[in-house]
Q: 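Take this structure, written in structure tokens, and hold onto it; I'll ask about it next.
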Amino acid sequence: MSNSIIKVENLHKSYKMGNNALHVLKGIDLDIKAGEMVSIMGSSGSGKSTLLNILGILDTYDRGNYYLDNIKIEKMNETKAARFRNKYIGFVFQSFNLISFKNAMENVALPLYYKNISRKKRNQMAMEMLDRMGLKEWANHLPAELSGGQKQRIAIARALISNPKVILADEPTGALDTQTSYEVMNILQEVNKMGITVIIVTHENDIAHRTQRIIRLRDGIIGENITNGDFQPITDNEIFTNN
Amino acid sequence: MFDRDRWQEILNAIKQNKFRSILTAFGVFWAIFMLVVMTGAGNALTNGITHGFKDFATNSAFLWANRTTVPYEGYDRGRWWSLTNADMEAIREQIPEIDVLSPRLQGWNLREGQNVVRGERAAAFNVMGDYPQYREIDPCTMPYGRYINNEDIELKRKVCIIGEKVYEIMFDEGEDPVGQYLRINGVYFMVVGVFKSNNPNINIGSNKKETIYLPFTTMQQTFNYGDQVHFFGFTAKPGVNVQSIVDRIKPIIKKHHKIAPEDDQAIGGFNVQSELQTMEYTFLGINILIWVVGIGTLIAGAVGVSNIMLVIVRERTKEIGIQRAIGARPALIIGQILTESVFLTTVAGFLGLAMGTLVLHLTDMALEAARAQAPPDEQSFFMNPEIGLPMAVASIIILVIVGLFAGLIPALKAVRIKPIEALRHE
Ligand SMILES: Nc1ncnc2c1ncn2[C@@H]1O[C@H](COP(=O)(O)OP(=O)(O)O)[C@@H](O)[C@H]1O
Ligand SMILES: [Mg+2]
């Protein structure tokens with residue numbers, strides 16, 4: 001219990017759609033230990049992003065419990081949520097979500113700006129992080145001048161800069177070719193080796209295969225929870241149903 | 001507020017909406033420009049009009065005799081009558097609230113042909129009889145010599161003081177007129193001074209520049225006016241209402257001259273205090289109008305800024321979502337939008353202020369140039385268009401407030417953006 005970084009009990013979430021409610025998560029139980037690297041799989045629309053957003057305190061849940069680093073996460077105001085996100089969580093998105101008019105270094109430094117760290121200090125820290133990503137010479141380039149792989153590495157650097165305990169990555173390789181995908185996965189594995197918990201949403205088997213554990217969502221509950229090694233690739237048929 | 005990241009955001013947002021930003025900023029620019037120019041013009045009007053009598057005793061009034069309009073005690077209506085020395089004494093005695101009382105003679109009948117002669121020179125001028133006290137009602141400077149004094153009055157000296165125009169025509173330029181003689185309607189008077197009124201725009205009875213003032217008593221005797229007083233001016237002691245004194249003077253005069261108490265037109269008058277008050281209300285009205293129009297335009301400008309900020313917020317929805325996801329607090333987002341809005345309005349408004357001031361300055365220069373060429377007698381009703389520093393400071397403060405208000409709705413809208421919603425549409 002004490003070393004679980006994320007613990008979810010009987011989590012429910014539904015979206016109101018006019019008069020109807022779309023029940024997306026119907027009782028999720030999840031326990032992720034600190035330092036684990038986990039992938040979440042499931043067909044399109046199965047609620048992977050919804051779950052990840054709740055874990056990242058970007059969204060609220062209706063019922064159940066959620067403990068982040070043993071702190072119960074409940075409805076909270078935005079200022080407090082922002083502080084939690086800044087302290088515990090780093091996000092990596094499929095579409096990178098870099099700020100277009102800021103160069104690589106400034107993008108990486110941005111979370112530190114929200115922590116009121118001086119410009120000089122945060123740029124220096126951002127440069128170190130870029131160096132570790134092998135992107136030092138791209139520091140002054142704008143996102144538009146970078147390749148997809150480079151952009152994602154910058155996004156990872158930005159996620160790492162504030163020393164989070166958890167990296168939440170929603171289909172981080174979804175927009176990348178296989179070669180680049182593997183490079184990004186290498187980096188995420190490196191990150192994990194540093195002791196940071198990594199949770200990756202993906203529907204690519206080979207990506208999932210590189211994590212220690214695979215959680216498969218099905219019909220709003222956890223359908224399978226496979227520790228790596230026992231992993232069975234899903235059939236071709238199923239792959240087609242994943243957008 | 002002054003860190004580089006925030007300014008980077010602001011400049012970028014403006015850069016991305018260059019045309020729209022400039023267009024909306026123009027609204028604020030125009031509002032301030034109009035406000036400045038209109039206020040300047042209003043001030044110029046006030047300056048131009050009040051300049052002509054800025055030194056005139058504002059707590060004063062003038063009264064004179066008119067034909068009666070009501071039959072009374074056996075007299076028909078339409079009777080001519082005259083104010084007299086005795087009236088003046090009675091008034092002075094009975095109304096201690098009067099500060100200065102200055103009876104005057106107006107020599108209408110004297111200005112005929114060329115009534116003033118000096119050697120070869122001859123011209124027609126007005127002649128008036130005055131007490132030294134008149135200078136306290138209508139202050140003047142003396143380019144030469146002195147004003148009429150009490151000894152002149154007591155000794156009925158044959159002296160005179162002359163207006164600028166009289167000096168100009170009867171004397172050579174730069175010539176000292178003091179001690180020289182003028183023949184006025186056949187009688188020689190020694191010039192003791194040249195006066196230059198501080199209030200050239202107020203002329204009661206005659207154009208002062210073309211007038212010769214004689215000691216009142218001298219004039220009464222020399223030109224056979226008996227004990228007549230043609231009209232008189234007075235000032236009220238501080239804190240006393242001029243009209244209340246007028247209302248007390250009239251019955252005294254009416255009783256002396258057997259004028260019906262209800263005859264309102266038998267005594268003519270001009271109350272400087274109440275006329276000025278009317279004028280002040282007019283100026284106040286003009287100012288209020290200017291501000292109403294100016295503020296209205298400014299509000300329209302603010303709505304424009306608010307609109308462009310809404311557009312900017314909408315276009316940056318995703319960006320704001322990202323910032324929120326990586327830890328930006330709502331206060332920071334609000335601060336950003338507000339700074340941006342205040343920046344837009346203040347810069348635009350400041351340009352308006354600068355431009356308006358420039359236009360006023362150029363107008364002022366043009367007016368000065370025009371005045372230099374115009375004949376010196378011409379009255380100008382438009383002078384020194386300018387706005388004061390307080391007005392400039394006030395408008396900057398108003399701009400900041402307007403900017404804050406304009407940014408308020410967009411800022412609240414920006415914090416209501418949920419990060420997930422912002423990030424979802426990909
Ligand atoms: N904000 C929302 N409002 C309404 N429905 C939503 C919202 N977000 C997601 N959904 C719906 O919830 C379901 C799960 O979505 P999501 O978690 O994005 O699935 P996944 O990431 O597994 O593809 C989908 O049917 C989606 O249409
Ligand atoms: Mg998804």
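Lettering follows sequence order; numbering is per chain, from 1.
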Q: Counting only heavy atoms from other residues, nucleotides and ligands, does the tally under 6.0 Å from CZ of Phe101(A) exceed 12?
A: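 Count over threshold, so yes.
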Q: Check whether more than 12 heavy atoms from other residues, nucleotides or ligands sit under 6.0 Å from atom CZ of Phe283(B), and answer yes or no.
A: yes
Q: How long is the straight-line distance from CD of Gln323(B) back to CG of Asn97(A), given to the nearest 0.5 Å?
A: 11.5 Å
Q: Assess whether atom CD1 of Ile409(B) is packed by more than 12 heavy atoms of other residues, nucleotides or ligands within 6.0 Å.
A: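 Atom CD1 in Ile409(B) is not crowded, with 12 or fewer foreign heavy atoms closer than 6.0 Å.
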Q: Which answer fits Leu332(B), side chain, backbone, both or neither, if we ask what part of it has an atom under 4.5 Å from a heavy atom of chain A?
A: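 Side chain only.
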Q: Indicate the atoms forming the closest heavy-atom contact of Ala328(B) with Ala82(A), along with that distance.
A: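 So the two residues come closest at O-CB, 3.7 Å.
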Q: For chain B, which residues of residues 106-128 of chain A have at least one non-hydrogen atom nearer than 4.5 Å to it?
A: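 Within residues 106-128 of chain A, the residues under 4.5 Å from chain B are Glu106(A), Leu110(A), Pro111(A), Tyr113(A), Tyr114(A), Asn116(A), Arg119(A), Arg122(A).
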Q: How long is the span from the CZ atom in Arg85(A) to the CZ atom in Arg329(B), to the nearest 0.5 Å?
A: 12.0 Å
Q: If you round to the nearest 0.5 Å, how far is OG of Ser100(A) from CD1 of Ile322(B)?
A: 8.5 Å
Q: Using a cut-off of under 4.5 Å on heavy-atom pairs, state which of Lys418(B), Arg316(B), Arg324(B) scores highest against chain A.
A: Arg324(B)
Q: In Å and rounded to the nearest 0.5 Å, what is the CG to CD1 distance from Leu58(A) to Ile420(B)?
A: 7.0 Å
Q: Within a reach of under 6.0 Å around CG of Asp219(A), are more than 12 heavy atoms found that belong to other residues, nucleotides or ligands?
A: no
